[in-house]
Amino acid sequence: MPITTSAYAHVRLTVTDIERSRKFYDDVLGLPVAFELPPDADEETKQQLSFLFGGVIYQLGDSLLGLRPVAEERFDEDKTGLDHVAFAVADQAAIDEAAAHLDSLGVAHEGVKDIGAGFILEFRDPDNIALEIFAPKG
């Protein structure tokens, strides 16, 4: 019998430079931090949060998005593993606002594309990880 599931609990991306990646994701998505190691953490806290591997985990609605600083090479969606991560927004107006926000940050992106079922906005993070904003058609 298959496993019954209703959503992703979390996605964690490996990155090469945690400071650079945190700045990017903080500026672009502005998600609240769910887990990070406090600078003054005692040994027990360090042990409890060792699953962070020096990274951070953000709250994304009912799920989590993590950054783990262990990668040594840039992302390539043509290798086995992750192809891209898509973030949902409410509608076409929100995707247009997302494009304007990326412009204000100087983040390169494709134009908003109508894919039939909705609209997408494609861009990349500092490690070349393919990211997308998706808005369903109303």
Side-chain angles (χ1 to χ4, degrees):
M1 178 158 204
I3 297 169
T4 303
T5 185
S6 60
Y8 290 104
H10 68 271
V11 171
R12 183 155 42 181
L13 305 173
T14 52
V15 299
T16 57
D17 181 326
I18 191 62
E19 287 82 20
R20 179 183 67 182
S21 292
R22 278 198 72 166
K23 177 167 179 22
F24 177 86
Y25 284 90
D26 287 350
D27 290 351
V28 170
L29 298 176
L31 300 171
V33 172
F35 301 99
E36 72 179 320
L37 186 66
D40 60 346
D42 60 22
E43 283 307 311
E44 182 180 351
T45 302
K46 287 178 184 177
Q47 193 66 20
Q48 288 174 335
L49 296 176
S50 64
F51 66 89
L52 294 173
F53 299 96
V56 62
I57 297 179
Y58 296 102
Q59 190 71 47
L60 178 62
D62 292 334
S63 60
L64 301 169
L65 174 68
L67 303 177
R68 182 177 180 211
V70 296
E72 295 180 3
E73 58 187 42
R74 288 175 49 93
F75 173 79
D76 180 350
E77 67 269 21
D78 292 326
K79 292 184 177 181
T80 301
L82 181 73
D83 181 80
H84 70 281
V85 176
F87 301 94
V89 296
D91 52 29
Q92 186 179 6
I95 211 166
D96 291 338
E97 290 173 13
H101 180 61
L102 293 175
D103 287 341
S104 75
L105 296 171
V107 175
H109 60 85
E110 300 291 322
V112 174
K113 297 176 186 170
D114 181 338
I115 60 166
F119 302 93
I120 61 171
L121 173 64
E122 300 166 300
F123 60 106
R124 297 196 177 251
D125 85 347
D127 285 301
N128 203 43
I129 296 172
L131 304 173
E132 180 180 290
I133 304 296
F134 172 80
K137 283 196 176 168

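Salt-bridge annotation for R124 and E77: present, with a side-chain N of the basic residue lying under 4.0 Å from a carboxylate O of the acidic one. Salt-bridge check for K46 with E43: passed, with a basic side-chain N closer than 4.0 Å to an acidic carboxylate O.
D114 approaches G116 most closely through the heavy-atom pair OD1-N, 2.9 Å. Annotation for A135 and I95: closest pair N-CD1, 4.0 Å, computed over non-hydrogen atoms. Nearest heavy-atom pair across Y8 and S63 is O-CB, 3.3 Å. The two residues I18 and G55 make their nearest non-hydrogen contact at CD1-CA, 3.9 Å. Across all non-hydrogen atoms, the minimal contact from D103 to H109 is OD1-NE2, 2.6 Å. Taking both residues in full, the closest heavy atoms of A99 and V112 are given as CB-CG2, 4.4 Å, listed atom of the first, atom of the second, then distance.
Residue D96 holds its CG atom at 9.0 Å from CG of D91, rounded to the nearest 0.5 Å. The CD atom of E73 sits 9.0 Å away from atom OG1 of T14, with the distance rounded to the nearest 0.5 Å. Separating the NE2 atom in H10 from the CZ atom in F35 is a distance of 10.5 Å, to the nearest 0.5 Å. To the nearest 0.5 Å, atoms CG (L52) and CZ (R12) are separated by 7.0 Å. Atom CG of L13 sits about 7.5 Å away from atom CG of L131, to the nearest 0.5 Å.
Tracing side-chain contacts under 4.5 Å through hydrophobic residues (I, L, V, M, F, W, Y), one never reaches L64 starting from V28; they form parts of separate clusters. With hydrophobic clusters built from ILVMFWY side chains whose heavy atoms lie under 4.5 angstrom apart, V89 shares a cluster with Y25. Under the 4.5 Å side-chain contact rule for hydrophobic residues, L121 and F134 do not share a cluster. Note on L105 and L31: same hydrophobic cluster, where clusters join Ile, Leu, Val, Met, Phe, Trp and Tyr whose side-chain heavy atoms are under 4.5 Å apart, directly or indirectly. Tracing side-chain contacts under 4.5 Å through hydrophobic residues (I, L, V, M, F, W, Y), one reaches I129 starting from V11; they form part of the same cluster.
Y58 places a side-chain heavy atom less than 4.5 Å from the side chain of R22. Using a 4.5 Å cut-off on side-chain heavy atoms (C-beta onward), F51 and I57 make contact. Taking the side chain as every heavy atom from C-beta outward, D17 and P126 never approach each other to under 4.5 Å. Using a 4.5 Å cut-off on side-chain heavy atoms (C-beta onward), F87 and V85 make contact.
Screening D125, V56, D127 against L67 for a side chain to side chain contact (heavy atoms under 4.5 Å, CB included) leaves a single residue, V56.
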Inset, instruction - Evaluate the criterion side chain to side chain contact (heavy atoms under 4.5 Å, CB included) for residue pair L29 and L65; output intermediate values, then yes/no. - result: CA-CA 11 Å; L29 298 176; L65 174 68; 4.3 Å; yes

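Under a cut-off of 6.0 angstrom, the local environment of NZ in K23 is sparse, with at most 12 non-hydrogen atoms contributed by other residues, nucleotides or ligands. Within 6.0 Å of the CG atom in D83, the count of heavy atoms belonging to other residues, nucleotides or ligands exceeds 12.
Judged by distance alone, with hydrogens and angles left aside, the side-chain atoms of Q47 form no donor-acceptor pair with the main-chain N or O of L49 at under 3.5 Å.
Between the side chains of H101 and D27, not a single donor N or O lies within less than 3.5 Å of an accepting N or O.
Between F123 and F24, the two ring planes are tilted [angle within 30° to 60°].
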